[in-house]
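We name chains A, B, ... by the order of the sequence lines, and we start the count at 1 in each one. All values below come from the heavy atoms of this structure, side chains included, with hydrogens, waters and symmetry mates left out.
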Amino acid sequence: MVKVLIPSGALGLGYDRAALARGIAQKPDIIAIDGGSTDSGPHYLGTGTSKYSRNSTKAEWRELMAARAEAGVPLVIGTAGTCGADDAVDWLVEITREIAAETGESLRLAVLKSGQDNQTMVAALRAGRITPLPAAPEISDTLLLECTNIVALAGAEQIQEALNTGADIIIAGRTTDTAIISALPLARGCHAGGCWHGAKIGECGALATTSPNSGTIMIAFDAEGFTMTPMGAEARATPRTVSAHMLYENSDPHILYEPGGHLDVRGATYTALNDREVRVTGSEWIVSDRYTVKLEGARRVGFQTVSLVLVRDAHYVKNIRTWCDDIVAKCTAKAKARVDGAFAIELRLIGADATLGPLDTAHVVGTEIGVMGIVTAETEALSREVAKMLNPYLLHHPLTEQEEMPTFAFPFSPPEMPRGAIHEFCLNHLLEIDSPMDAFRLTVEDIAP
Amino acid sequence: MTRLAVVADKVRSKNAGPFWLTIDIFCGSAEAYEQVSKALSTEGVASLFQIAPATLKRFDLADLHVVKFSLPRPNIQGTAADRDMHGASFANLLADIEV
């Protein structure tokens, strides 16, 4: 049996300290935690930075390092620094060295990097080794060269390679959410379908229990399947909470694709062992013909400056769309005459359909409207320049020439808020590789006080 | 006729990666599941998202009392045209329909 302790769904989210302590007392074989996700958008991969604050990350990571030292087992983090790009991995490695220096701890650190070289990706595309997944955007050599970061999602094999170094701590770049959990039980010969299914159920910590905020869970893997045990005092896992987690952020509730194969849970049975633990057997792992890893990439697509104005006058609220259309047309024409370069002006109506746009056919407008002006341009300077040209319109534009000059409410001075560079996700593809370590780099460092 | 939000326990939408959106309707009971599964037409849900029905993946999961839909994201997550980074608001489009 292999016991994997999962402190929470992601480093930085927080967890119940008592639940973690309970988990350590039950002697896990490994502690595994996710460090990221694409869910907060393309900025993080685009810039190779973390979404969470450095101080919060350091505080939680210090506690996990202490828990690891107490348990005397490996601690592995996947998708370090939100995006798993090489710079984000280096950021967490630096934090780890700082903590070790502060606590006087000696440890072996393995670092697995997932970043891909742009030119190598161009060669792979030309060789037919990069193929699109459903709903993938069109790609080209140029697009691959424009990516500021491309990462490949490591699977269980690459984490196993890192575990084989005898490391106390493994900091991995982009990995699948599941691989950090499945790697050790797979290496020790546990049931492959059970390993991947248990890993998917455990990847969000206690989300698959009745107390999602308690964070910590233990999953015990064996030759037939797995058993899920929440560590929170009040948390319960039931066949329903466990089986329903296959739905979560997964477009197909039965199938999960991973490097080297896929999981099929249609044959799984979920049994309540008692009122808080669930046993799962019957999941199947199907090995693929070729070994592929998923690619993610982000590129810079421009710069934005945002303005916000509040419209409370009933006459203007009633005619807000006409007002906005007129401003966009007039300001675009004026800016085109005065600046060089590509730009776009968009006004979104907060209080009408800013959230869902044209899909929101049944929205109801209240007594006021927030108008969010978004200027997107090819340079930062141009986006600010056009946003400054937009300013007088948002402040004083009349619906008709006949009416008195109105004045609307700016909450801030200046009203323009530069957002800096904007990025887009631009890869949803598979990379075929001959051997699992081909697209990844593993280094080992012994830290001594 | 009643709104789906009233019949179901929860209607949830989430990103399934940056390129897909997935919507889970937790009906809460076998009766509610029967009602929702029958009342929701794939064509009707596709029209809410202004897409062709063939683009919409549908899963009727009787054991879980869940009806699930997945579709390519209306705009790729985080692009200049995207309005909802985490995709959670799209659930409201379904929650408001009559079943």
Side-chain angles (χ1 to χ4, degrees), chain A residues 37-46 132-137 153 239-241 243-254 268-270 294 296-298 301-302 304 344 346 348 350 353-363 372 374-376 419 422-429, chain B residues 3 9-10 12-28 45-51 55-61 63-98:
Chain A
S37 160
T38 57
D39 218 28
S40 296
H43 170 81
Y44 306 100
L45 182 60
L133 286 163
L153 278 72
R240 177 166 293 274
T241 63
S243 60
H245 194 68
M246 274 301 286
L247 301 168
Y248 190 73
E249 294 181 347
N250 201 11
S251 62
D252 186 319
H254 307 300
T269 55
Y270 303 81
K294 192 175 157 186
E296 288 170 355
V301 290
Q304 277 185 343
E346 184 188 0
R348 287 190 195 163
I350 298 172
D353 60 356
T355 317
L356 292 166
L359 297 179
D360 200 353
T361 52
H363 64 268
M372 178 163 63
I374 305 169
V375 176
T376 308
R419 292 223 315 106
I422 58 165
H423 295 83
E424 278 183 8
F425 286 121
C426 52
L427 289 178
N428 188 30
H429 292 71
Chain B
R3 287 171 64 238
D9 275 1
K10 181 160 111 180
R12 171 180 81 185
S13 65
K14 296 287 290 183
N15 296 329
F19 299 90
W20 284 80
L21 184 72
T22 194
I23 304 159
D24 300 321
I25 304 166
F26 295 88
C27 298
V45 175
S47 77
L48 285 178
F49 290 93
Q50 303 172 13
I51 57 171
T55 313
L56 192 66
K57 293 204 265 183
R58 174 176 181 149
F59 304 91
D60 290 89
L61 305 165
D63 291 351
L64 286 173
H65 308 147
V66 166
V67 183
K68 181 180 182 74
F69 294 96
S70 296
L71 64 149
R73 241 174 160 282
N75 292 296
I76 294 169
Q77 182 205 4
T79 52
D82 182 35
R83 293 156 177 265
D84 180 6
M85 199 61 59
H86 295 79
S89 298
F90 292 99
N92 296 293
L93 287 173
L94 262 85
D96 285 343
I97 60 177
E98 302 281 331

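- If you tally non-hydrogen atom pairs under 4.5 Å between each of A:Ala135, A:Gly41, A:Ser251 and chain B, the highest count goes to A:Ser251.
- Taking chain A as the reference chain and counting heavy-atom pairs below 4.5 Å, the highest number among B:Thr22, B:Leu48, B:Leu71, B:Asp96 is found for B:Thr22.
- Among B:His86, B:Arg73, B:Arg83, the residue making the largest number of heavy-atom pairs under 4.5 Å with chain A is B:Arg83.
- Contact annotation for A:Ser40: both backbone and side-chain heavy atoms come within less than 4.5 Å of a heavy atom of chain B.
- For the pair B:Phe69/B:Ile25, a side-chain contact is recorded, criterion being any heavy-atom separation below 4.5 Å from C-beta on.
- Interface remark: B:Phe26 contributes side-chain atoms only to the contact with chain A (heavy atom separation under 4.5 Å).
- Highest contact tally toward chain B, considering only A:Leu133, A:Leu427, A:Thr376, is held by A:Leu427 [criterion: heavy-atom pairs under 4.5 Å].
- Remark: B:Lys57 pairs with no residue by the salt bridge (charged side-chain N to carboxylate O under 4.0 Å, His left out) rule, at least two apart or across chains.
- For a residue to count as touching a neighbouring chain, one of its non-hydrogen atoms must lie under 4.5 Å from one of that chain's; by this rule A:Asn428 touches chain B with backbone and side chain alike.
- The side chain to side chain donor-acceptor pair (under 3.5 Å) test applied to A:Ser243 returns no partner, not counting sequence neighbours.
- Between chain A and the residues B:Leu61, B:Asn75, B:Ile76, the largest count of heavy-atom pairs under 4.5 Å involves B:Leu61.
- Only the side chain of B:Asp24 comes within less than 4.5 Å of a heavy atom in chain A; its backbone stays farther off.
- For chain B, the nearby part of A:Glu346 is the side chain; its heavy atoms alone come within less than 4.5 Å.
- Heavy atoms closer than 4.5 Å to chain B are found in both the backbone and the side chain of A:Pro134.
- A:Glu296 places no side-chain N or O within donor-acceptor distance of the main-chain N or O of B:Pro18, the cut-off being under 3.5 Å.
- Contact of B:Phe19 with chain A is made through backbone and side chain together, with heavy-atom distances under 4.5 Å.
- For A:His423, the part sitting under 4.5 Å from any heavy atom of chain B is the backbone (N, CA, C, O) and nothing else.
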